[in-house]
Amino acid sequence: MLAKQTPLTKQMLSELLRASSSKTKQLKKIHAVVIRTGFSEKNSLLTQLLENLVLVGDMCYARQVFDEMHKPRIFLWNTLFKGYVRNQLPFESVLLYKKMRDLGVRPDEFTYPFVVKAISQLGVLPCGVSLHAHVVKNGFECLGIVATELVMMYMKFSELSSAEFLFESMQVKDLVAWNAFIAVCVQTGNSAIALEYFNKMSADAVQFDSFTVVSMLSACGQLGSLEIGEEIYDRARKEEIDCNIIVENARLDMHLKCGSTEAARVLFDEMKQRNVVSWSTMIVGYAMNGDSREALALFTMMQNEGLRPNYVTFLGVLSACSHAGLVNEGKRYFSLMVRSNDKNLEPRKEHYACMVDLLGRSGLLEEAYEFIKKMPVEPDTGIWGALLGACAVHRDMILGQKVADVLVETAPDIGSYHVLLSNIYAAAGKWDCVDKVRGKMRKLGTKKVAAYSSIEFDGKIHFFNRGDKSHPQSKVIYEKLDEILKKIRNMGYVPDTGSVFHDVEMEEKECSLSHHSEKLAIAFGLINGRVGHPIRVMKNLRTCDDCHVFSKFVSRLTSREIIMRDKNRFHHFRNGICSCKEFW
DNA sequence: GTAGGGTTAG
């Protein structure tokens with residue numbers, strides 16, 4: 001109709017497209033008009049339309065437009081690849097790549113970064129390896145951007161040696177390549193490697209920037225290396241690197257992840273600029289450190305300042321309630337989310353898992369189970385896992401078995417679920433059932449995660465496994481440990497051999513309880529740490545009841561503060577008392 | 001014209 005009444009020029013349609021760039025409905029109308037026109041420039045209008053659709057994220061429609069085009073140029077293929085990557089549709093990307101090859105269309109240097117990223121998202125290593133071969137065959141392996149994407153892909157696949165080899169063999173490594181590598185190391189939990197490469201970067205005289213600093217602060221938070229992190233931050237200041245709000249947030253988070261809550265609060269109060277991430281970081285940090293009241297007070301303050309919380313803020317609030325056993329408050333905050341009518345605040349699976357954790361931890365196991373059954377979302381392993389954890393704490397074998405059955409069925413390769421069930425049986429003295437679980441794990445080939453603890457000293461991170469004797473100071477460490485154990489026994493410490501282990505791996509009988517990795521790390525800290533400074537120990541799994549009691553005694557005996565971060569939360573031991581009280 | 005890097009949660 002429109003076209004008949006007033007002849008539209010190409011320019012007019014182009015203008016219309018620009019004006020409607022974010023409105024899918026209008027885009028569709030314009031598309032219909034374009035299709036009816038006989039413009040020779042039809043393809044250029046369709047190109048513009050395709051770009052807009054990719055931007056809006058309507059990939060189905062974008063594909064339809066693409067398929068209608070006659071012999072689309074490589075730029076258009078790339079536009080579609082970009083859309084698939086941005087909208088996390090890796091499978092579509094791979095199919096498109098296959099189609100491209102089948103049609104004999106040659107990918108160019110812009111194509112590969114998108115396709116490599118898609119394979120990263122897809123998470124299938126053999127596809128990545130074969131794509132790498134294509135890259136080499138087409139002669140694009142020397143391109144810095146393609147190589148950077150490949151390095152990141154291998155790192156995401158946990159192929160550390162391939163990633164490092166590829167990165168090392170890059171002939172020209174600019175700052176972005178370094179930053180990408182360091183960032184992906186941190187994102188994949190390889191912060192010690194990130195630190196190693198940060199040092200290499202300095203050795204190679206590559207000047208870092210604020211991106212590097214953020215990744216490194218995040219790495220130091222993961223490693224619990226407050227001193228190294230602060231050193232890097234100070235260097236950044238001295239070298240006049242722009243310490244924007246992202247850097248400041250990362251620094252705040254590092255302090256909180258190192259258990260340094262008081263210092264973090266000072267930083268937070270002094271921040272010139274604060275956004276929702278700053279507030280959420282602080283609330284989540286307080287919750288992790290067991291300062292639930294502070295977390296909730298901050299949430300109220302945030303609301304009073306008229307700042308909109310996001311879903312992460314609520315995760316912090318709910319976990320604060322959970323750690324403090326504040327069931328009613330938790331329920332109230334959860335209903336606040338439900339009633340908010342804000343699409344961005346609709347409870348997600350993680351929030352449901354938090355609620356299950358809150359109810360379960362407080363001993364309301366049946367209510368937690370009912371809650372799961374009534375949920376409007378399909379429960380995932382995180383939600384069932386929270387209930388299983390609660391069953392382990394409260395030693396509920398009947399429900400524990402039921403939940404573990406579901407979990408082992410859906411995720412047979414995750415060791416911690418088997419371990420939790422086995423701990424429930426062990427606590428009930430059902431050793432035959434414990435053996436059955438172990439047998440099943442062997443049969444399924446389920447891998448146990450080895451427990452380790454780490455502690456920073458003299459700019460280095462020292463790692464300890466259980467019963468570890470590989471440390472150069474090993475002899476002195478064991479002597480120190482024996483000395484402490486003797487002293488605290490006199491104070492009333494009794495090794496808790498019947499303790500309920502959380503998701504730490506099963507203890508072999510021959511391995512002594514007294515040589516758990518966190519005990520070795522604490523002994524190391526007592527030998528080397530400065531008097532008056534807290535001993536910060538990081539543990540990759542949850543700490544056991546016995547190590548918890550041990551740490552309380554040691555903090556009293558030595559008058560040293562021990563800050564222990566385990567997989568879930570912090571324990572601040574001061575003068576024989578732990579901040580986590582009975583809820584952990 | 002198109003391609004690689006950062007903060008809370010998981």
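Letters A, B, ... mirror the listed sequences (proteins, then strands); counts begin at 1.
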Margin query: Using the side-chain contact (heavy atoms from CB on, under 4.5 Å) definition, which of the options A/V408, A/L420, A/L388 pairs with A/V403?
Written below: A/L388
Notebook entry, point to check: Is there a donor N/O on one and an acceptor N/O on the other, under 3.5 Å, for the side chain of A/S210 and the base of B/dG6?
Noted result: yes
Check: In this structure, which one of A/Y333, A/F299, A/F334 forms a ring pair (Phe, Tyr, Trp, His ring centres under 6.0 Å) with A/F314?
Finding: A/F299
Check: Could a donor-acceptor pair under 3.5 angstrom be found where the side chain of A/T281 meets the base of B/dT8?
Finding: no
Next item on the list: Go through residues 291-307 of chain A and report each residue with a non-hydrogen atom lying under 4.0 Å from DNA chain B, sorted by number.
Entry: none
Check: So does A/E294 pair up with A/R265, basic N to acidic O under 4.0 Å?
Finding: yes
Notebook entry, point to check: Taking OP1 and OP2 of B/dG4, is either one under 4.0 Å from a side-chain nitrogen or oxygen of A/K82?
Noted result: no
Note to self: Can you confirm if the NZ or CZ of A/K539 lies within 45° of the ring axis of A/Y452 and under 6.0 Å from the centre of its six-membered ring?
What the structure shows: no
Notebook entry, point to check: Among residues 259-279 of chain A, which contact DNA chain B at a heavy-atom distance under 4.0 Å?
Noted result: A/V277
Note to self: Is the positively charged end of A/K200 above the ring of A/Y197, judged by distance under 6.0 angstrom from the centroid and angle within 45° of the axis?
What the structure shows: yes
Check: Looking only at N and O atoms, is any donor in the side chain of A/D174 or the base of B/dG4 less than 3.5 Å from an acceptor on the other one?
Finding: yes
Next item on the list: Output the residues of residues 69-77 of chain A in contact with DNA chain B, where contact means a heavy atom of the residue under 4.0 Å from an atom of the strand; sort by number or write none.
Entry: A/R73, A/F75
Margin query: With a 6.0 Å cut-off on the ring centroids, do A/F75 and A/F110 count as close?
Written below: no
Next item on the list: Assign A/E248 to base, sugar-phosphate, or nothing according to its heavy-atom contacts below 4.0 angstrom with the strands shown.
Entry: nothing
